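Notes for the one structure printed next.
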Amino acid sequence: MNDSLSSSVTEYRQNGFISGVPALTPDQVSDLRRYVEQLEADHEAGAGGHTLGQFFRVNGHVVIPRLAEIARSPVILDMVEALLGPDLLVWSVELFIKEPGSAKTVSWHQDITYWGMGETDDEVTAWIALSDVSVEAGCMRFIPGSHKGGVVAHEDTFAADNLLSRGQQIADVREEEAVHGPLRPGEMSLHHGRCFHASGQNRSEDRRIGLAIRYVTPAVRDHAPGRDWAMPVRGETPSGGWDCIAGPRGLFHPADLALYDRILDGQSKTLAAGAEGQVGMYATTTAS
Ligand SMILES: O=C(O)CCC(=O)C(=O)O
């Protein structure tokens, strides 16, 4: 591992996040943004009974080839491998979009609270900026070191302007310790599944667009309940635990849409078990 990678790993272990890591070139990022916005123009109604917003909300990599392809980018995988080891799978790909001037925010939360993965260290989110994600545009804020404790209590607020569909939030956060993670287009941050994080309103004049890729290792399924699905992207394909998927056959291919529904159904059951009967995390949300 080179020096810069190894100091990023040290920082991640200490703080539970790192920010400002190069992920996509200027050409790649403008190409990807154009692609996402063309999808919005051409396929807003979605497919297979789901809106495009639903596919953006969770598991977009199952039905949108381009999102699966980005999750296989060697530059991103090299960073993730340094954090999680050589065997990697993609659990979900999601878009977090805040329109200019919109009131949407994300409350303080820990990602893995409802994911049926226990308190694992073997999950990380790579969040890639497709626009200028400045403080003004509502970049993420993190509480350094918060991943070192367990999963804490969250309450569901179902607040209309919260991009998390149950509006789950941690009641007791020492906001004064928060660190902003602004990103230029093409940069990424990586955060641990137990790291407290949140984001504010987009007060800039451009859309604020982030692509979140959730990576896991085979070990996440060792003691996890129910079934779960993931797409192997590097190293050994697990022989058990995960239901492995290959990636989309084409944009909104009927077989992938059927798989999407099976995954949503299975994951909802896991979420229900992990959340003591509360479901609905994967309901379609509007991100404007
Ligand atoms: O985009 C945001 O502001 C929040 C994203 C987030 O919570 C996540 O990727 O886990």
Side-chain angles (χ1 to χ4, degrees), residues 29 32-71 90-107 109 111 114-115 125-131 133 137-140 156-169 197-202 204 206-214 229 231 245 247-248 250-254 256-268 271 278-288:
V29 78
L32 185 57
R33 177 171 177 167
R34 237 189 336 268
Y35 177 80
V36 166
E37 294 187 329
Q38 197 61 49
L39 268 185
E40 292 176 315
D42 296 345
H43 295 281
E44 194 191 353
H50 298 294
T51 63
L52 185 66
Q54 169 69 49
F55 299 128
F56 280 5
R57 178 65 190 82
V58 69
N59 292 333
H61 66 297
V62 177
V63 294
I64 303 171
R66 191 68 184 271
L67 299 186
E69 191 189 305
I70 286 293
V90 168
W91 182 69
S92 185
V93 178
E94 302 161 25
L95 279 145
F96 285 87
I97 303 176
K98 293 178 191 164
E99 301 299 341
S102 95
K104 297 288 182 192
T105 59
V106 171
S107 50
H109 68 287
D111 287 338
Y114 301 118
W115 290 355
T125 292
W127 195 104
I128 300 141
L130 303 194
S131 62
V133 181
C139 68
M140 276 193 281
D156 291 339
T157 68
F158 295 102
D161 284 331
N162 196 320
L163 279 183
L164 305 179
S165 52
R166 51 206 281 171
Q168 65 267 33
Q169 70 176 29
H197 59 289
S199 69
Q201 295 180 4
N202 177 7
S204 78
D206 189 14
R207 310 180 81 193
R208 177 271 210 194
I209 309 177
L211 181 74
I213 310 175
R214 322 283 188 190
W229 290 257
M231 181 177 78
I245 66 170
L251 183 62
F252 304 137
H253 188 286
D256 297 327
L257 289 167
L259 174 63
Y260 188 91
D261 283 341
R262 281 202 300 284
I263 296 176
L264 205 58
D265 187 50
Q267 289 184 340
S268 298
L271 289 167
Q278 295 163 315
V279 287
M281 182 161 178
Y282 290 150
T284 304
T285 56
T286 41
S288 58

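The shown structure was predicted, so the numbers you read here are calculated from the model rather than taken from an experiment.
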*asked:* Please enumerate all residues that pass ring-ring contact (aromatic ring centres under 6.0 Å, His included) together with Phe56, with sequence neighbours excluded.
replied: none
*Could you tell me which non-hydrogen atom of Ala129 sits nearest to which non-hydrogen atom of Val133, and how far apart they are?*
CB-CG2, 3.7 Å
_Checking the side chain of Ser92 only, and the main-chain atoms of Val58 only, is there a donor and an acceptor separated by less than 3.5 Å?_
no
*How close do Phe96 and Ala212 get, heavy atom to heavy atom, and via which atoms?*
CE1-CB, 3.9 Å
*asked:* Ignoring hydrogens, what is the shortest heavy-atom contact between Arg33 and Ile209? Give both atom names and the distance.
replied: NE-CD1, 3.8 Å
*Could you check Lys98 against Leu163 for side chain to side chain contact (heavy atoms under 4.5 Å, CB included), going step by step and ending with a plain yes or no?*
CA-CA 9 Å; Lys98 293 178 191 164; Leu163 279 183; 4.0 Å; yes
*Which atom of Pro248 lies closest to which atom of Asp256, heavy atoms considered*: CA-OD2, 3.3 Å
_Nearest atoms (heavy-atom pairs only) where Ser199 meets Cys139_ = CB-O, 3.4 Å
*Mind checking what makes ring-ring contact (aromatic ring centres under 6.0 Å, His included) contact with His109, not counting sequence neighbours?*
His197
*Is a side-chain donor or acceptor of Lys104 paired with a backbone partner of Ala160 at a separation under 3.5 angstrom?*
yes
*For side chain to side chain contact (heavy atoms under 4.5 Å, CB included), just list the numbers for Met140 and Val106, CA-CA rounded to whole Å, side-chain angles, deciding distance to a tenth of an Å, and then say yes or no.*
CA-CA 9 Å; Met140 276 193 281; Val106 171; over 6 Å; no
*For residues Gln54 and Leu264, determine if any side-chain heavy atom of one lies less than 4.5 Å from a side-chain heavy atom of the other.*
yes
_Set of residues satisfying side chain to side chain donor-acceptor pair (under 3.5 Å) with respect to Ser204, sequence neighbours excluded_ = Asn202
*Run through Trp229, Phe252, Phe55 and flag the one making a ring pair (Phe, Tyr, Trp, His ring centres under 6.0 Å) with Tyr260.*
Phe55
*asked:* Working to the nearest 0.5 angstrom, can you tell me the gap between Glu40 CD and Arg207 CZ?
replied: 4.0 Å
*Looking at Asn59, Leu251, Leu95, which one forms a side-chain contact (heavy atoms from CB on, under 4.5 Å) with Ile64?*
Leu251
*Knowing that exactly one of Thr125, Leu67, Ile70 qualifies, which makes a side-chain contact (heavy atoms from CB on, under 4.5 Å) with Ile213?*
Ile70
_From Phe158 atom CZ to Gln168 atom CD, the distance as rounded to the nearest 0.5 Å_ = 8.5 Å
*Output the distance between atom OH (Tyr114) and atom CG (Leu164), rounded to the nearest 0.5 Å.*
10.0 Å
*Can you see which heavy atom on Ser131 is nearest to which on Arg208, and at what distance?*
OG-CA, 3.4 Å
*asked:* Using 30° and 60° as the class boundaries, would you call the ring planes of Trp91 and Trp115 parallel, tilted or perpendicular?
replied: tilted
